[in-house]
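So the structure is just underneath, and the comments pick up after that.
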Amino acid sequence: MTEKQVEKWIRDYHWMMNTVKMLYEGLEDAGGGGVAQYGDEAGMPKAQGLTGDVVLSEVIRRGKHWERIAEYEKKIHFIQKNIHVITEERETEILHWLLEGKSYAWISRHMGLSQTHTKRICSSIAEQIVRNVRNGRCG
C-alpha cells in the first residue's frame with residue numbers, strides 16, 4: 001500500500017464506518033423484494049436471460065454487499081490497528097477529526113492552521129503509518 005492510499009483511507013474512514021453500519025442493519029432485514037403475481041400475469045412466459053428466482057437474486061445482491069463490507073472493514077481495521085503510531089499531539093488531533101469525518105477546511109479553522117499545512121500533516125500521518133507497516137511493526 002502507498003501513502004496516498006492510506007491518506008484516502010483516513011479521509012474515507014468516517015463514511016466507510018457509516019456504510020458498514022448501515023449495510024449490517026440492512027442485511028438484518030429478510031428482504032422480500034419479490035412481487036407475487038396472480039391471474040393471467042402469473043401464467044405468462046417470463047423474460048429470457050433473467051433469473052426468475054427472487055430468492056436467488058436476493059442472495060446474489062446480498063453477496064455483493066458482503067463483499068463491500070469486507071473491503072471496507074479491511075481498510076477500517078488497518079487504520080484502527082495503526083492509530084497508535086501517531087503520537088505527536090497536533091497530528092493526533094488532526095487524525096481524530098479526520099476519522100470523525102471533518103474536512104481539511106473545518107480542521108484548519110478549528111486548529112488555526114492553513115489548509116495546506118493541515119494536508120501536509122495528514123500526509124505525514126500516512127507516511128508514518130506506511131513506514132511502520134513496512135518495518136513490520138503492524139498492519
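Below, each value reflects all heavy atoms present in this structure, side chains not excepted, and no hydrogens, waters or symmetry copies.
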Using every non-hydrogen atom in the two residues, find where Glu73 and Val20 come nearest and quote the distance to one decimal.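 Scanning both residues completely, I find the closest heavy atoms to be OE2-CG1, 3.9 Å.
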Locate the shortest heavy-atom distance separating Gln115 from Ala105; write the atom from each residue and the value.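 Gln115 and Ala105 have their closest heavy atoms at NE2-CB, 3.4 Å.
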Ring centroid separation for Trp15 and Tyr72, is it under 6.0 angstrom? yes
May I have the step-by-step check of side chain to side chain contact (heavy atoms under 4.5 Å, CB included) for Ile107 and Leu113, ending in yes or no? CA-CA 8 Å; Ile107 295 167; Leu113 305 170; 5.8 Å; no
When you measure from the side chain of His14 to the backbone of Arg11, do you find a donor-acceptor pair of N or O atoms at a distance under 3.5 Å? no
Is there a side chain to side chain contact (heavy atoms under 4.5 Å, CB included) between Val133 and Asn82? Walk through the geometry before answering. CA-CA 8 Å; Val133 171; Asn82 289 286; 3.7 Å; yes
Check whether any side-chain heavy atom of [X] lies under 4.5 Å from a side-chain heavy atom of [Y], and answer yes or no.
X: Arg131; Y: Asn135; result: yes
X: Asp12; Y: Lys75; result: no
X: Thr2; Y: Gln5; result: yes

Are Glu93 and Arg90 close enough for a salt bridge, meaning some N to O gap below 4.0 Å? no
In plain terms, say whether Glu58 and Arg61 are close enough for a salt bridge, that is, a side-chain N and a carboxylate O under 4.0 Å apart.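 So Glu58 pairs with Arg61 through a salt bridge.
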Distance from [X] atom [atom1] to [Y] atom [atom2], nearest 0.5 Å?
X: Ile69; Y: Lys64; atom1: CD1; atom2: NZ; answer: 14.5 Å
X: Ile125; Y: Leu95; atom1: CD1; atom2: CG; answer: 5.0 Å
X: Met22; Y: His65; atom1: CE; atom2: NE2; answer: 10.5 Å
X: Cys122; Y: Leu98; atom1: SG; atom2: CG; answer: 5.0 Å
X: Ile94; Y: Ile121; atom1: CD1; atom2: CD1; answer: 3.5 Å
X: Ser123; Y: Glu3; atom1: OG; atom2: CD; answer: 8.0 Å

Given side chain to side chain contact (heavy atoms under 4.5 Å, CB included), test Glu67 with Glu71 step by step and report yes or no. CA-CA 6 Å; Glu67 290 170 10; Glu71 188 62 32; over 6 Å; no
Classify the side-chain pair Tyr13/Glu100 by whether it contains a donor and acceptor separated by less than 3.5 Å. no
Examine the side chains of Ser124 and Gln128 and answer whether a donor and an acceptor come within less than 3.5 Å of each other. yes
Check step by step if side chain to side chain contact (heavy atoms under 4.5 Å, CB included) holds for Met17 and Ile76. CA-CA 7 Å; Met17 283 290 292; Ile76 290 166; 3.5 Å; yes
